[in-house]
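Just so it is clear, the structure is predicted and the values come from calculations on it, not from any experiment. First listed ligand is number 1; within each ligand, the first listed atom is number 1. Heavy-atom basis, side chains included; hydrogens, waters and symmetry copies ignored. Counting from 1, the numbers follow the sequence of the chain as shown.
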Amino acid sequence: GLGLTNTKDGNFGEWYSEVVTNGEMIEYYEISGCYILRPWTMAIWEIMQNFFDPEIKKMNIKTCYFPLFVSNNVLQKEKDHIEGFAPEVAWVTRSGDSDLEVPIAIRPTSETVMYPYYSKWIRGHRDLPLKLNQWCNVVRWEFSNPTPFIRSREFLWQEGHTAFATKEEADTEVLEILELYRRLYEEYLAVPVVKGKKSELEKFAGGLYTTSVEAFIPNTGRGVQGATSHCLGQNFAKMFEINFEDEKGEKTMVWQNSWAYSTRTIGVMVMVHGDDKGLVLPPKVSAVQVIVIHVPYKDADVKEIINACSATVKTLCDLGIRAEADLRENYSPGWKYSHWEMKGVPLRIEIGPKDLANNQVRAVRRDNGEKVDIPMADLVDKVKGMLDNIQQSMFDVAKQKRDACIQVTRTWDEFVEALGQKKLILAPWCDEEEVEKEVKAKTKGEIGAAKTLCSPFDQPELPEGTLCFASGKPAKKWTYWGRSY
Ligand SMILES: O=C(C[C@H]1NCCC[C@H]1O)Cn1cnc2c(c1=O)CCCC2
Ligand SMILES: [Mg+2]
């Protein structure tokens, strides 16, 4: 049958897998950890790209494309950048039936691919700022449980790599990009995120500091890193000798940033909004925003009803709404309702004989099931209004659910209890790496250890004398903790 066999609260992992498959977003592929991204997914990816790319173009960031392959010696250039990740690097060792002289790595990220050429291209201060972005795939041979969109061995992303003469310029751009990531999540995917700074332990080892937008999945009580914007400082400039002659003729190293969001964003959206009938898509990112379905009646003139449906679609499309009609004769209205609910189409319009007689249509919201009759005359305004309302309501509901999971804890016992209750924990922390490592060690278990997610830029009041929940030392900052993907 059409329905899901798992419920979101019953078996989240199985539910998620069914929803992305039955919703025709993903097809499982014969190689583990790899997934086919079907048009229903790529339409979302393209809508997001059509927001993000023009925004970074306004910042004079240009599109480039570097090769997929990385030579071994250049990949090994940065020891602490790569050592922790080495097992994840996939290698090409043969072509045809002959071995390659030297194995070639497939890019897991492109710092080491790009920066030797940044070194070549950047000579004087007039060559700065150099700001490039590429839309590509990367490969990381992950071993922990693969999850469509969230953790796959190949994924699509954009990776921005910028170089500046001063740290101030780099610091400014890090936050400009982070704001774009917040907008992607909150304004397009209707997913609330927290902007903050990663701890020294969780940051990108090759960088100076990492900022991120952090999402949260109430059902599993796990945080998920939504996107990252790193200031690399001069670390890579030192390694790859990327320097320039400043105005005074002094040789100076550049200050760099790198930032990315990936197809993981789509998985987060599905996890947050999906329900037991399938996907629930925010109107702004749905390939089809309105599906029009005719309700034939035994003796009614079905042709007239079908014409009304086609006319409705045309009216809506002419005003920029992504509307389609499902006029297939070989499926019942009920079957179609379930099908398009599974695909998460935000608004359904039904037109039957009585609707026609009353010169109205029946509109049904996917997010809360609300039904409303709309006079034909008001069709476009009402539908536009409903779509905007659905977008806002989906964000508000998700934010309310996420906020309900936030638990402030001040002691170890409170922390452990909140962790067991799948909470997103906000705790005062002494900001010592050893303490963070200890928390990880003490909460290690089947379902993973607790870690810091980020220290929110928006810090609550930290009264003098507040102590760290874990060490009892003077707390320095409020930090979000939790298990994560
Ligand atoms: O990729 C980054 C940092 C940076 N890369 C560019 C875009 C922004 C940001 O993700 C961190 N990172 C994660 N994962 C891996 C690597 C790695 O550098 C290197 C090797 C294999 C796996
Ligand atoms: Mg990783």
Q) Taking only heavy atoms of E88, which atoms of ligand 1 are found under 4.0 Å from at least one of them? A) 22 (C)
Q) Which ligand 1 atoms does W259 reach within 4.0 Å, using its non-hydrogen atoms? A) 7 (C), 8 (C)
Q: Before signing off on this row, confirm whether T109 and ligand 1 have an N or O atom pair separated by under 3.5 Å.
A: yes
Q.
If you measure every N or O of E111 against every N or O of ligand 1, does any of those distances drop under 3.5 Å?
A. yes
Q) R151: what forms a side chain to side chain contact (heavy atoms under 4.5 Å, CB included) with it, not counting sequence neighbours? A) E142, S144, N145, T147, Y485
Q: Pick one of side chain, backbone, both or neither for how W157 approaches ligand 1, counting any non-hydrogen atom pair under 4.0 Å.
A: side chain
Q: Could you tell me whether some N/O pair between R140 and ligand 1 is separated by less than 3.5 angstrom?
A: yes
**Q.** Heavy-atom pair of closest approach, residues L4 and V19
**A.** CD1-CG2, 3.6 Å
**Q.** Atom indices of ligand 1, in the order listed, that fall short of 4.0 Å to a heavy atom of A260
**A.** 7 (C), 8 (C)
Q: Measure up the W259 and F52 rings against each other and bin them: parallel (under 30°), tilted (30 to 60°), perpendicular (over 60°).
A: perpendicular
Q | Parallel, tilted or perpendicular: rings of F415 and W412 (30°, 60°) | A | parallel
(Q) Tell me whether K195 forms a cation-pi arrangement with F457, defined as NZ or CZ under 6.0 Å from the six-membered ring centre and within 45 degrees of its axis. (A) no
Q | E27 side chain vs I36 backbone, donor-acceptor pair below 3.5 Å | A | no
